[in-house]
Asker: 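Let me begin by handing over the structure; questions about it come next.
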Amino acid sequence: MGLSMSFTPKSDFLQIMIERGFVADCTDYEALDQALMQGTLTAYIGYDATAKSLHVGHLLNIMILRWLQKTGGRPITLMGGGTTKVGDPSFRADERPLLSAEAIDGNIASMQKAFSKYLTYGSGPNDALMINNAEWLDDLNYLAFLRDIGRHFSVNRMLSFESVKSRLDREQSLSFLEFNYMILQAYDFLELHQRYGCQLQMGGSDQWGNIVNGVDLARRVVDGTVFGLTSPLLTTSDGKKMGKSQGGAVWLNGDMLSPYEFWQFWRNTTDADVGRFLKLYTELPVEECERLAALEGSEINAAKIILANEVTALLHGREAATKAEATAREVFEKGGVGDDLPTVLLSAQDVGNGMSIVQLIVKAGLVKSGKEAKRLIAENGARMNDEPVTNAGTIIEATDLKQSIKLSAGKKRHALVRLKD
């Protein structure tokens with residue numbers, strides 16, 4: 001249901017959500033607002049365990065859970081230990097690769113590192129809960145599930161949801177396994193409502209159909225007072241999917257992406273996105289976000305540094321953000337090395353009788369292939385210790401790496417390479 005211009009929320013949570021740009025749709029704004037005013041409201045967002053770390057694309061919804069907790073609500077991070085075994089088909093062209101139970105459990109354990117930076121978990125009335133849907137999905141009795149839950153779903157209606165319809169319109173295969181995903185997600189909401197009094201399911205706008213299914217199921221089975229709320233699917237102003245960089249996914253776990261690289265991703269935000277990102281990804285007052293967004297010319301760079309510092313401080317701590325900024329100043333303004341740059345350690349065995357500069361640039365993670373490295377050199381975008389690399393055949397020997405070599409791809413991407421001690 002679209003947001004009416006006449007609707008003015010009374011609850012702190014919905015006020016913040018709407019004012020800062022977190023809301024795409026809601027099943028019933030006014031009733032949800034009233035429920036939020038009546039005490040601690042429990043809400044959840046689901047996360048499938050398809051990787052060892054969450055990435056920046058998840059961060060918007062994590063911030064929603066953080067604001068919910070800050071305004072007195074109780075957040076649930078629902079880990080898809082069960083649903084990951086099926087795979088969400090929403091707006092995908094193909095089926096997700098299936099993971100083993102061991103891989104899924106390992107991913108969940110690793111993903112917890114990021115959640116704990118934003119949410120306070122515990123047993124208090126508004127402490128966050130982390131729950132794994134494998135608790136109820138792994139031992140489902142298939143016939144009982146079909147009889148008790150399946151009868152509430154219309155296949156005609158399921159086929160009409162955009163996430164399924166777009167796949168079928170392109171004549172791309174949709175397996176029966178994937179088709180069941182939306183039923184399982186709806187069942188999650190019913191279980192969370194019955195077990196924990198959860199009244200609200202949230203997610204990206206691509207989950208609208210799945211969320212509506214869950215709301216309908218809870219109302220049909222137990223006549224529950226439940227709601228759905230979606231956030232916009234973010235793209236950057238140049239049309240790119242949020243969370244992707246030249247080097248791939250922007251991971252939240254520090255062991256998969258260094259705090260400096262995370263900081264640099266936000267520092268490289270385009271001018272047009274600064275104000276929007278400050279509202280969504282920091283806790284600065286809205287008025288301050290708008291003031292910073294209005295800066296022009298070189299002054300907008302100061303706003304980008306504030307954005308990078310605030311987002312990095314939330315995830316990695318204020319000290320890491322300060323260190324990242326200092327490294328950036330050392331590298332960009334003074335042409336120095338910078339202690340906090342990503343560092344790649346090579347053994348003497350790795351280097352052998354010598355390694356080409358092309359191989360070294362790939363090893364440093366600045367490009368994905370030798371072909372890209374050669375193109376970077378040909379286009380005068382590669383530097384070694386701030387000097388242009390002009391010969392793709394340059395050989396680096398182990399003795400050259402006893403001290404760190406600084407490699408650069410363009411003006412914004414840098415790494416250090418040295419021999420292991």
Side-chain angles (χ1 to χ4, degrees), residues 27 40-51 54 58 61 65 68 73-90 96 98-112 115 119 121-123 127-155 158 161 163 175-203 207 209-229:
T27 53
T40 301
L41 183 133
T42 301
Y44 91 95
I45 296 176
Y47 299 87
D48 277 344
T50 53
L54 299 158
H58 295 112
N61 281 336
L65 291 174
L68 177 77
R74 180 171 68 156
I76 292 176
T77 47
L78 181 68
M79 308 309 295
T83 40
T84 303
K85 293 167 185 169
V86 176
D88 183 1
S90 297
R96 290 183 187 274
L98 298 180
L99 301 177
S100 68
E102 293 76 17
I104 291 169
D105 289 344
N107 287 347
I108 289 173
S110 184
M111 290 164 71
Q112 289 177 357
F115 283 120
L119 302 170
Y121 289 88
S123 54
D127 284 344
L129 301 174
M130 180 167 284
I131 297 162
N132 188 336
N133 65 12
E135 289 177 24
W136 53 83
L137 293 182
D138 274 4
D139 297 320
L140 273 183
N141 180 303
Y142 186 59
L143 291 178
F145 182 72
L146 286 180
R147 183 192 64 221
D148 298 337
I149 303 300
R151 65 190 176 88
H152 294 291
F153 289 84
S154 159
V155 171
M158 291 166 74
F161 285 117
S163 59
S175 74
F176 181 68
L177 184 68
E178 293 176 289
F179 193 55
N180 273 270
Y181 186 94
M182 65 176 73
I183 301 179
L184 296 179
Q185 185 171 329
Y187 186 62
D188 283 345
F189 197 5
L190 175 62
E191 285 286 337
L192 289 172
H193 180 65
Q194 292 179 298
R195 293 173 184 231
Y196 302 97
C198 182
Q199 288 183 269
L200 173 63
Q201 180 183 174
M202 301 184 289
Q207 295 296 313
N210 292 345
I211 289 172
V212 168
N213 273 331
V215 170
D216 286 348
L217 183 64
R219 288 174 179 170
R220 286 169 184 260
V221 176
V222 293
D223 196 24
T225 303
V226 292
F227 310 96
L229 182 74

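Quick note: residue numbers are just sequence positions, from 1. This is a predicted model, so every value here is computed, not measured.
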Asker: Can you check whether His193's main-chain N or O pairs, donor with acceptor, with Gln199's side chain at less than 3.5 Å?
Answerer: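 Side chain of Gln199 to backbone of His193: no pair is present.
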
Asker: Is a donor from one side chain sitting under 3.5 angstrom from an acceptor on the other, for Asp188 and Gln185?
Answerer: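 Note: Asp188 and Gln185 side chains miss the donor-acceptor criterion.
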
Asker: Considering non-hydrogen atoms only, spot the tightest contact between Gly81 and Ala134 and give its length.
Answerer: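 The pair with the smallest heavy-atom distance is C-CB, 3.9 Å.
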
Asker: Measure from the side-chain N and O atoms of Thr84 to the backbone N and O of Ala49, and report whether any donor-acceptor pair falls under 3.5 Å.
Answerer: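 The answer is yes, because a donor-acceptor pair under 3.5 Å joins these two groups.
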
Asker: Hey, mind stepping through Leu190 and Val222 against side-chain contact (heavy atoms from CB on, under 4.5 Å) and telling me if it holds?
Answerer: CA-CA 8 Å; Leu190 175 62; Val222 293; 4.0 Å; yes

Asker: Please test Asn210 against Gln207 for side chain to side chain donor-acceptor pair (under 3.5 Å), starting from the C-alpha separation and ending with a verdict.
Answerer: CA-CA 5 Å; Asn210 292 345; Gln207 295 296 313; 3.0 Å; yes

Asker: Could you please spell out the steps behind the ring pair (Phe, Tyr, Trp, His ring centres under 6.0 Å) verdict for Phe115 and Tyr121?
Answerer: CA-CA 9 Å; Phe115 283 120; Tyr121 289 88; 7.1 Å; no

Asker: Which pair of non-hydrogen atoms, one from Ile108 and one from Asn132, has the smallest distance, and what is that distance?
Answerer: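 Closest approach of Ile108 to Asn132: CD1-ND2, 3.5 Å.
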
Asker: How close do Leu184 and Thr83 get, counting heavy atoms only, and between which atoms?
Answerer: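 Leu184 and Thr83 have their closest heavy atoms at CB-CG2, 4.0 Å.
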
Asker: If you apply the rule side-chain contact (heavy atoms from CB on, under 4.5 Å), what do you find for Tyr47 with Leu54, and how did you get there?
Answerer: CA-CA 9 Å; Tyr47 299 87; Leu54 299 158; 3.9 Å; yes

Asker: Is a side-chain N or O of Arg219 found less than 3.5 angstrom from the main chain of Val226, in a donor-acceptor match?
Answerer: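 The answer is yes, because a donor-acceptor pair under 3.5 Å joins these two groups.
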
Asker: Could you check Tyr196 against Tyr44 for ring pair (Phe, Tyr, Trp, His ring centres under 6.0 Å), going step by step and ending with a plain yes or no?
Answerer: CA-CA 11 Å; Tyr196 302 97; Tyr44 91 95; over 10 Å; no

Asker: Might you work through the side-chain contact (heavy atoms from CB on, under 4.5 Å) test for Val221 and His152, ending with a clear yes or no?
Answerer: CA-CA 9 Å; Val221 176; His152 294 291; 3.6 Å; yes

Asker: Identify the two heavy atoms, one from Leu229 and one from Ile211, that lie closest to each other, and give their separation to 0.1 Å.
Answerer: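 Minimum heavy-atom separation between Leu229 and Ile211: O-CD1, 4.2 Å.
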
Asker: Please name the pair of heavy atoms, one in Ile131 and one in Glu135, separated by the smallest distance, quoted to 0.1 Å.
Answerer: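 Reported closest heavy-atom pair: CG2-OE2, 4.2 Å.
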
Asker: Leu119 and Pro75: which non-hydrogen atoms are nearest, and at how many Å?
Answerer: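 So the minimum-distance heavy-atom pair works out to CD2-CG, 4.1 Å.
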
